[in-house]
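Here the structure is laid out as C-alpha cells; the discussion comes afterwards.
We use all heavy atoms of the structure for the numbers below, so side chains are in, but hydrogens, waters and symmetry mates are not.
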Amino acid sequence: QVQLVESGGGLVQAGGSLRLSCAASGRTFSTYPMGWFRQGPGKERECVAAVNWSDISTYYADSVKDRFTISRDNAKNTVYLQMNSLKPEDTAVYYCAVREGVGLASQARQYDYWGQGTQVTVSS
C-alpha cells in the first residue's frame, strides 16, 4: 500500500523557516516527479514546487520563488521543502504528491498519490 507521510509543519513567526519532509513507502518513487501543494482556508489547492526524478528540473510558483527550495533523496524515498522568509500568506495545509508520469506538472489532477497534509501557520 502506497503511503506518503509529511512532517515538519508547525507555527512560526513571519521571517522564519521550516523544513517539510515527505517520506514515501509501499513502493519506490525514485523515477517519478514529486511535488508540494498547499491549500489555505477558502482557497484552491495550488502547487508550490515540483521536482523531477533526477532532482535537476524544478518548478516553483511565483509566490515562493527565491524563498522555497524543493529537493529529494531517492535513496530515502523522501522529498523535502525548505521554506525560508515565511509570510503569513504562506499559512496553509501542505501536501506532498507523486506523479506517475514523466515531466514536471503543477496541476493537482496530474498527481496520483497524496499525503495527509501538514499544517503550516505563519504568525505576523
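Between the CZ atom in Phe37 and the CG atom in Leu81 there is a gap of 12.0 Å [rounded to 0.5 Å]. Rounding to the nearest 0.5 Å gives a distance of 4.5 Å between CZ of Arg38 and CD of Glu46. From Thr91, atom OG1 reaches atom CD of Gln119 across 7.0 Å, with rounding to the nearest 0.5 Å. Taking CZ of Arg19 as the reference point, atom OG1 of Thr69 lies at 10.5 Å (rounded to 0.5 Å). Rounding to the nearest 0.5 Å gives a distance of 8.0 Å between CE of Met34 and CD1 of Ile70.
Put simply, the side chain of Asp90 does not reach to within 4.5 Å of the side chain of Met83, judged on heavy atoms. Here the side chains of Leu4 and Tyr95 are not in contact, with every heavy-atom distance at 4.5 Å or above. Val98 has its side chain out of reach of Val2: every pair of non-hydrogen atoms, C-beta onward, lies at least 4.5 Å apart. Proximity of Glu89 to Val122: side-chain heavy atoms (C-beta onward) are nowhere separated by under 4.5 Å.
Val48 and Val79 fall within the same hydrophobic cluster, where Ile, Leu, Val, Met, Phe, Trp and Tyr residues are linked whenever their side-chain heavy atoms come under 4.5 Å apart, directly or through other members. Under a hydrophobic-cluster definition in which Ile, Leu, Val, Met, Phe, Trp and Tyr are linked whenever side-chain heavy atoms come within less than 4.5 Å, directly or via other members, Val12 and Val93 are assigned to different clusters.
When the shell of 6.0 Å around CH2 of Trp114 is examined, it contains more than 12 heavy atoms from other residues, nucleotides or ligands.
A distance-only check finds no donor-acceptor pair linking the side chain of Gln1 to the backbone of Gly26 [under 3.5 Å]. Of the possible donor and acceptor atoms, none in the side chain of Asn77 sits under 3.5 Å from a partner among the backbone N and O of Ser25.
Summarising the geometry of Gln3 relative to Val5, their closest heavy-atom pair is CG-CG2, 3.9 Å, with the distance given to 0.1 Å. Summarising the geometry of Ala105 relative to Gln110, their closest heavy-atom pair is CB-OE1, 3.2 Å, with the distance given to 0.1 Å. Ala14 and Ser124 get closest at one heavy-atom pair: CB-CA, 4.4 Å. Looking at every heavy atom in both residues, Ala61 comes nearest to Cys47 through CB-O, 3.5 Å. When all heavy atoms of Pro33 and Gly103 are compared, the pair lying nearest together is CG-O, 3.3 Å. Between Val51 and Arg72, the closest heavy-atom pair is O-NH1, 3.7 Å.
Relative ring orientation between Phe29 and Tyr113 is described as tilted, the plane-to-plane angle lying within the 30° to 60° band.
Of the N and O atoms on the side chains of Tyr32 and Arg99, not one donor lies less than 3.5 Å from an acceptor on the other residue.
Under 4.0 Å is where a charged nitrogen must lie from a carboxylate oxygen, and between Asp62 and Lys65 at least one such pair does.
Results of the side chain to side chain contact (heavy atoms under 4.5 Å, CB included) test with Tyr80 over Cys96, Cys22, Ser21 single out Ser21 as the only residue that passes.
Proximity of the aromatic rings of Phe68 and Trp36 is defined here by a centroid distance below 6.0 angstrom, and this criterion is not met.
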